[in-house]
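Step one of this worksheet: look at the structure below.
All ligand and atom numbering here is 1-based and tracks the order in the structure. Only this structure's heavy atoms are used, side chains among them; waters, hydrogens and symmetry mates stay out.
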Amino acid sequence: MFSKRFYSSSSKMISQIKNQNLIKTKGFINGQWVSSSSNESFVVTNPALVPKNEAVIETVQSMTEDDYNKAIDYAYDSFEKFKKTTGRYRSGLLLRLYELMIENQEDLAKLCVLENGKPYADALGEVKYAASFFQWFSEEAPRINGDIIPSANPQNRILVLKQPIGVCGILTPWNFPLAMITRKVGAAIATGCTTVIKPASETPLSALAIAYLAQEAGFPEGTINVLPCKSSSMAGKLICEHPKIKKVSFTGSTGVGSILMKQSSSTLKKLSMELGGNAPFIVFDDVKDIDKAVQGAIASKFRSSGQTCVCANRLFIHESIYDDFKDKLISKLKETVVLGDGLKEGVTYGPVINERSMKKVREHIEDATGKGAKILFGGNKREDLGANFHDLTVLGDVTTEMQIFNDETFGPVAPLIKFKSDDEVIKMANDTQFGLAGYFYATDVSRVFKVAEAINVGMLGINTGAITEAALPFGGIGESGFGREGSKFGVDDYLIIKSCVLGSVDV
Ligand code: NAP
């Protein structure tokens with residue numbers, strides 16, 4: 001934590017980061033730190049201190065169309081060499097980068113708190129989680145194998161080569177400023193691809209710190225390029241339409257994902273889309289331990305103040321245990337919730353990211369209460385703490401007509417919905433176009449299989465509210481996107497399969 005003596009403003013706080021080399025404000029192109037060709041810049045603010053003056057953390061260069069075009073050219077040239085390197089060599093690079101992230105974990109966590117607002121313990125967890133993707137993909141890099149397939153023609157052999165796809169455009173959100181980058185870059189580098197990265201404009205400092213560590217780890221010039229930019233629509237369009245970029249990986253909202261898909265259609269790019277969710281969290285009447293389900297609900301709903309894409313968005317509780325669950329949930333929240341600046345001792349929950357997020361939280365609460373929902377816990381904006389703070393909130397008597405049932409809140413509101421039967425709750429859980437994560441608590445084995453098979457999502461937590469790790473194939477279905485990140489499948493999105501038929505084999 002920062003010493004109390006200096007704990008007065010974001011800029012002073014940043015000066016307390018031990019390894020000051022991690023603080024970069026220029027773009028990173030072809031191994032060089034470069035200013036924007038227009039010299040334009042934008043400010044990065046600490047969401048916990050908004051709207052006070054001391055919210056400004058840093059001023060970062062905003063890279064232009066010209067800068068992007070140059071970076072893509074460099075990444076393209078770099079790819080021609082990098083694709084020929086061995087998996088073992090790329091494994092070494094990734095492992096070194098993993099080690100450097102771990103060596104700098106405390107500084108990286110502080111930086112993450114400053115620009116994202118999450119509590120320090122969560123940020124430290126994110127650094128380790130983010131680094132684990134470099135470790136994981138360092139292990140995958142030497143094991144990317146092709147295949148030999150017997151042909152119908154006895155004189156032929158079919159050889160399957162797996163090759164890197166090329167330059168990858170990577171667009172990431174602010175809610176995991178480190179992990180959303182490492183999950184994509186780890187896989188890209190493991191396969192021999194090069195990258196051009198547009199980080200979220202709320203959180204570019206974490207991305208630039210990773211670029212610095214990649215430089216320290218000895219990554220060849222042009223393999224990792226990071227271009228902060230205040231115009232995401234310009235950067236997104238350019239990346240999606242550029243013929244030298246062969247793949248785009250995006251994490252963010254479904255609305256933006258759909259724009260990027262349209263823009264990518266002219267060059268038919270391979271795409272990975274990690275988009276929004278509307279996760280059901282179901283507690284059945286045969287739940288073994290209601291306290292554990294409550295813990296799982298808190299972890300899954302309120303982590304990062306409800307701003308993770310796998311957050312529970314709708315909590316379905318069987319009517320026979322509804323009151324018990326509700327009472328336990330509220331008493332646990334009363335015991336554990338300390339809202340505040342993530343770098344202050346004892347704080348367990350931070351702010352939402354910005355005004356737009358606050359607006360959505362308020363809209364969901366007001367719409368629900370207007371239609372008969374009851375506020376069981378919290379319910380208010382906390383301007384006493386700052387413009388972006390909102391109580392962790394629990395709503396009771398929520399129904400399917402309410403906005404919060406149909407739309408991802410991406411904020412700290414837990415709507416409780418009663419149900420009577422398995423079929424009814426499965427129907428309600430699947431009543432959405434989204435399908436990222438889902439959770440349920442049950443004991444009966446037949447019910448576990450029935451529900452697991454019936455819920456339309458890409459990832460399910462069964463008797464747990466925490467599912468993410470590098471080994472998990474992460475991704476959704478439906479309007480939550482496609483492609484899988486992490487796990488042994490994570491490299492597939494960055495590879496092409498080339499089939500070679502070897503003829504005249506005379507054996
Ligand atoms: P968002 O508006 O889609 O923003 C995400 C990123 O997209 C930001 O970096 C933003 O850049 C960029 N962006 C915005 N408009 C763009 C455009 N026209 N072209 C190219 N890039 C553009 O999402 P958000 O509301 O900030 O984040 C929350 C959403 O992301 C939620 O729906 C959540 O579920 C989803 N999410 C999904 C996952 C997953 O793995 N499935 C993970 C995290 C978040 P600027 O910030 O620079 O404008």
Quick one: nearest non-hydrogen protein atom to [atom], plus distance?
| atom | result |
| --- | --- |
| atom 34 (O) of ligand 1 | E408 OE2, 2.6 Å |
| atom 35 (C) of ligand 1 | G252 O, 3.1 Å |
| atom 28 (C) of ligand 1 | F410 CE2, 3.3 Å |
| atom 23 (O) of ligand 1 | S253 N, 3.5 Å |
| atom 14 (C) of ligand 1 | S232 OG, 3.5 Å |

Ligand-residue contact atoms, ligand 1 with [X], heavy atoms, under 4.0 Å:
| X | answer |
| --- | --- |
| S233 | 17 (C), 18 (N), 19 (N) |
| C309 | 34 (O), 36 (N), 37 (C), 38 (C), 39 (C), 40 (O), 41 (N), 42 (C), 43 (C), 44 (C) |
| E202 | 46 (O) |
| S201 | 45 (P), 46 (O), 47 (O), 48 (O) |
| F474 | 40 (O) |
| L436 | 41 (N) |
| L275 | 34 (O), 37 (C), 38 (C), 39 (C), 41 (N) |
| F250 | 3 (O), 6 (C), 7 (O) |

Okay, side chain of [X], backbone of [Y]: is any donor-acceptor separation there less than 3.5 Å?
| X | Y | answer |
| --- | --- | --- |
| W136 | S487 | yes |
| T195 | I197 | no |
| S36 | S62 | yes |
| K301 | A312 | yes |

Within-shell test, R356 vs ligand 1, heavy atom, strictly < 4.0 Å: yes

K198 touching ligand 1 at heavy-atom level, < 4.0 angstrom: yes

Any idea which part of [X] is under 4.0 Å from ligand 1, heavy-atom wise: side chain, backbone, both or neither?
| X | value |
| --- | --- |
| L260 | side chain |
| R183 | side chain |
| W174 | side chain |

Say whether [X], considering both its backbone and side-chain N or O atoms, lies within less than 3.5 Å of an N or O atom on ligand 1.
| X | value |
| --- | --- |
| L171 | no |
| T172 | yes |
| N175 | no |
| T254 | no |

Check: T64/S37 side-chain N/O donor and acceptor closer than 3.5 Å: yes

Donor-acceptor pair between E115 and S206 side chains, under 3.5 angstrom: yes

[X] bridged to [Y] by N-O distance under 4.0 Å:
| X | Y | answer |
| --- | --- | --- |
| K359 | E363 | yes |
| K360 | D407 | yes |
| D73 | K244 | yes |
| D431 | K427 | no |

F133 and Y98 aromatic centres sub-6.0 Å: no

Cation-pi, F176 ring and K118 (6.0 angstrom, 45 degrees): yes

Parallel, tilted or perpendicular: rings of W33 and F28 (30°, 60°): tilted

Per-atom contact, atom 45 (P) of ligand 1, protein heavy atoms, under 4.0 angstrom: yes

E241, CD: over 12 other non-hydrogen atoms inside 6.0 angstrom: yes

